[in-house]
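For reference, the structure is listed below as structure tokens.
In what follows, chains are A, B, ... by sequence order, proteins preceding strands, each numbered from 1. Predicted model, so just to flag it, every value in this text is computed and none were measured.
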There are 2 protein chains.
Amino acid sequence: MSEVILKDALVTLKESGVRITPQRHAILEYLISSEMHPTADEIYKALEGDFPNMSVATVYNNLRVFRNTGLVKELTYGDSSSRFDFVTHDHYHIICDHCGKIVDFHHPGLEEVEHLASHVTGFQVNSHRLEVYGTCPECAVSVQKAK
Amino acid sequence: MSEVILKDALVTLKESGVRITPQRHAILEYLISSEMHPTADEIYKALEGDFPNMSVATVYNNLRVFRNTGLVKELTYGDSSSRFDFVTHDHYHIICDHCGKIVDFHHPGLEEVEHLASHVTGFQVNSHRLEVYGTCPECAVSVQKAK
DNA sequence: TAAACTAATGATAATGATTATAAAGAAGTA
DNA sequence: TACTTCTTTATAATCATTATCATTAGTTTA
């Protein structure tokens, strides 16, 4: 089923006039199949086996290409490096304060917040970003034990 | 009135056993008085006149101290450097896609989103983060003109 | 198909924000 | 005063990301 998603993505790229190189194919595939939200370096390391000569710059370049075509979203949290998320349906993220794990969850869009914000500030609103922070079940267990 | 806020902050620091140095005083004062959400470097530049010998490291160190005592929040957006926000009431930010301006707005907390996220993912929820993106009135005008 | 043009890759250097280190200074305490 | 601890300063180190540029590959056109 992620096959279909990948094919769709490739079609989107082609329609945007972006060439499908083996590297791009591999990066996309990894982003889609991976349940995590990898950093550029993690992607680089993961594909090192298949592409021993691939440069880090290629990863960054292509992530930017994907971002520009709207296929991929860049997530910046407090930590040093950005994470990249293949955009499927609209979803939000919940992030574990302890281990940094990121889990997706769905929630109806927060239009009323956008409206209020627009009304109060006079901005034309385009989008919003929401993240929830907490402790994941696994870390909750180990925190228990530590007591 | 920001006098009171500053005094409160100094009391908070003292209670946490943090010494009030002239540099810390100045950084706090700047953060409170400034309507913007400055980067570390902007703070550094702003205080250069009064503290010609102050090191950038001092700014970073003290911002970390303030963050740890809960006086200051660190905001990371897509761009390269973090921004720092003196915490007064709970508020959200709306950010202009064109000029990067950040404006505060108030909105009742999104508890129901936290509840849903907790229910779906099994996380214990601590907090959330919400930002709205759009075009500020000034930039909307210049975009009009450009047409 | 070959030549010409354009885009993508890879290696490496450059940038820039942030952090680490270590010496000197200031404040706090006995 | 002597001692300890925290803070500042200057500087070097780190690390993610971007820029440069020569090389390669793909596409277009004649």
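Between B:Val87 and B:Val72 the shortest side-chain heavy-atom distance does not fall below 4.5 Å. In this structure the side chain of A:Val18 never reaches within 4.5 angstrom of the side chain of A:Phe66, judged on heavy atoms.
Residue B:Asn68 contributes atom CG, which lies 15 Å from atom C1' of D:dC6 at whole-angstrom precision. One can place CZ of B:Arg19 at 7 Å from P of D:dC6, the figure rounded to the nearest angstrom. What separates CD of A:Gln23 from C1' of D:dA25 is a distance of 10 Å, to the nearest Å. In this entry the distance linking CD1 of A:Ile20 with P of D:dT27 reads 10 Å, nearest Å. Rounded to whole Å, the distance from NZ on B:Lys14 to P on D:dT7 is 14 Å. Computed from coordinates, the A:Leu63 CG to D:dA16 P distance equals 14 Å when rounded to whole Å. Rounding to whole angstrom units, CG of residue B:Asp79 and P of D:dT17 are separated by 13 Å.
A donor-acceptor contact closer than 3.5 angstrom links the side chains of A:Tyr92 and A:His128. One side chain, B:Ser82 or B:Glu74, offers a donor N or O that lies under 3.5 Å from an acceptor on the other.
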Does A:Tyr44 form a side chain to side chain donor-acceptor pair (under 3.5 Å) with A:Glu42? I'd like the steps, not just the answer. CA-CA 5 Å; A:Tyr44 175 66; A:Glu42 281 165 2; over 6 Å; no

Side chain to side chain donor-acceptor pair (under 3.5 Å) between B:His91 and B:Asp85, intermediate numbers included: CA-CA 11 Å; B:His91 62 266; B:Asp85 182 23; 3.2 Å; yes

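Note on B:Thr21: only backbone sugar-phosphate atoms sit closer than 4.0 angstrom, heavy atoms only; bases stay farther off. When heavy atoms are screened at a 4.0 angstrom cut-off, A:Ser82 is found touching the sugar-phosphate backbone but no base atom.
Put simply, chain A comes within 4.0 Å of DNA chain C, heavy atom to any atom, from C:dT6 to C:dA11, going 5' to 3'.
Nearest-nucleotide mapping onto DNA chain D: of B:Arg24 and B:Ala57, the residue sitting toward the 5' end is B:Arg24.
Between A:Glu138 and A:Lys101 there is a salt bridge, with a side-chain nitrogen of the basic residue lying less than 4.0 Å from a carboxylate oxygen of the acidic one.
Remark: A:Ser81 is not in phosphate contact with D:dT17, judged by side-chain N or O atoms under 4.0 Å from OP1 or OP2. A close approach under 4.0 Å does occur between a side-chain nitrogen or oxygen of B:Asn62 and OP1 or OP2 of D:dT8. A sub-4.0 Å separation between OP1 or OP2 of D:dT18 and a side-chain N or O of A:Tyr60 is absent.
In this structure, B:His93 has its ring center closer than 6.0 angstrom to the ring center of B:His37.
The OH atom of A:Tyr133 lies 10.5 Å from the CD1 atom of A:Ile94; values are rounded to the nearest 0.5 Å.
Shown for residues 48-56 of chain B: residues whose heavy atoms fall under 4.0 angstrom of DNA chain D, namely B:Asn53, B:Met54, B:Ser55.
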